[in-house]
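Notes follow the structure.
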Amino acid sequence: MNKNPKVDSYINSLEDWQQEMCINVRKLIHEASPDIEEVIKFTNRPYFVHKGNVAALLAAKNHVNVFIYDPTAPDPAGIINQGQTNATARSIQISKGQMVDKSAFITLIKQVVANNEAGGWRKLKS
């Protein structure tokens, strides 16, 4: 796993339940694609990139958002629960006590990476 110490700092600044959730999501993202790199954008926001944005984390008061930067990647398990009609990104909002479906999440991240490797969803959509 290609860890960025600034992402560690972001995660470590969160409440315990949010830390646990972000650590789990981070692990699953890297399990889906070991080529994903971690970067910080917008001062402190963790992004996961591979030939374009793949995902980002943003902790809120009562949940953690996992932004998925590909509106065309299929979600047959229905784990995306926010922004299904957004033009560029959808999100998985995970509340305290919830966990993301591991298999469905890894499949989704793999599809976003594959689309990025093929030129990105914008190119594939046209």
Side-chain angles (χ1 to χ4, degrees):
M1 182 184 323
N2 181 14
K3 285 187 171 182
N4 181 326
K6 291 181 180 180
V7 173
D8 289 327
S9 294
Y10 176 84
I11 292 172
N12 291 336
S13 74
L14 304 174
E15 293 186 37
D16 289 345
W17 69 270
Q18 292 170 319
Q19 286 182 33
E20 182 181 341
M21 193 173 298
C22 288
I23 289 167
N24 182 50
V25 167
R26 182 188 204 185
K27 179 179 159 261
L28 294 176
I29 288 170
H30 287 289
E31 188 176 325
S33 176
D35 295 328
I36 287 179
E37 295 181 38
E38 299 180 351
V39 298
I40 296 290
K41 295 185 180 187
F42 307 106
T43 310
N44 70 342
R45 198 156 308 146
Y47 273 70
F48 301 88
V49 299
H50 178 73
K51 298 186 179 185
N53 291 335
V54 174
L57 294 174
L58 178 62
K61 183 177 180 180
N62 297 315
H63 62 273
V64 171
N65 282 309
V66 182
F67 294 98
I68 306 297
Y69 286 96
D70 184 335
T72 67
D75 177 29
I79 62 172
I80 293 172
N81 55 16
Q82 298 291 314
Q84 287 87 340
T85 60
N86 287 357
T88 58
R90 300 167 290 169
S91 68
I92 303 166
Q93 193 176 79
I94 312 167
S95 298
K96 185 175 184 176
Q98 293 180 322
M99 295 301 291
V100 68
D101 179 315
K102 177 182 177 177
S103 176
F105 185 79
I106 288 173
T107 299
L108 179 62
I109 295 298
K110 284 182 177 184
Q111 184 61 59
V112 174
V113 168
N115 287 353
N116 283 359
E117 288 178 343
W121 65 268
R122 286 179 177 94
K123 178 181 177 184
L124 294 172
K125 190 176 176 184
S126 53

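The two atoms that bring Pro71 and Thr88 nearest to each other are CD-O, 3.4 Å, heavy atoms only. For the residue pair Ala118 and Lys123, the shortest heavy atom distance occurs at O-CD, 4.0 Å. Here the closest non-hydrogen pair linking Ser95 and Trp17 is C-CZ3, 4.0 Å. Across Met99 and Ile94, no two heavy atoms sit closer than the pair N-CG2, 4.4 Å. Among all heavy-atom pairs drawn from Ala59 and Leu14, the shortest one is CB-CD2, 3.5 Å. For the pair Tyr10 and Leu57, the tightest heavy-atom approach, listed with the atom from each and the gap, is OH-O, 4.1 Å.
At a threshold of 4.5 Å between non-hydrogen side-chain atoms, the residues Val66 and Val100 do not count as touching. Contact check for Val113 versus Ile36: side-chain heavy atoms found under the 4.5 Å cut-off. At least one side-chain heavy atom of His50 sits less than 4.5 Å from a side-chain heavy atom of Glu117. Side-chain contact between Val25 and Val64 is absent, with no heavy atoms from C-beta onward closer than 4.5 Å. A 4.5 Å side-chain heavy-atom check between Val7 and Tyr47 finds every atom pair outside the cut-off. Counting only heavy atoms from C-beta outward, the side chains of Phe67 and Asn53 never approach each other to under 4.5 Å.
Just one of Asn116, Asp70, Leu108 meets the side chain to side chain contact (heavy atoms under 4.5 Å, CB included) condition when paired with Val54; it is Asn116. If you run side chain to side chain donor-acceptor pair (under 3.5 Å) between Glu38 and each of Lys6, Lys3, Arg26, only Arg26 comes through.
A donor-acceptor contact closer than 3.5 angstrom is absent between the side chains of Glu20 and Asn24.
Within the 3.5 Å criterion, the main-chain N or O of Val49 finds no donor-acceptor partner in the side chain of Glu37. A donor-acceptor distance shorter than 3.5 angstrom exists from the side chain of Asp75 to the backbone of Ile79, with no hydrogens or angles considered.
Heavy atoms from other residues, nucleotides or ligands lying under 6.0 Å from NZ of Lys96 number 12 at most. Shown here is Gln98, whose CD atom has more than 12 heavy atoms of other residues, nucleotides or ligands within 6.0 Å.
With values rounded to the nearest 0.5 angstrom, Asn44 atom CG is found 7.5 Å from Ser13 atom OG.
Taking the six-membered ring for Trp and thresholds of 30 and 60 degrees, His30 and Phe48 have ring planes more than 60 degrees apart, a perpendicular arrangement.
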- Any chance you could lay out the side-chain contact (heavy atoms from CB on, under 4.5 Å) test for Asn65 and Gln93, step after step, and finish with the verdict? CA-CA 5 Å; Asn65 282 309; Gln93 193 176 79; 3.6 Å; yes

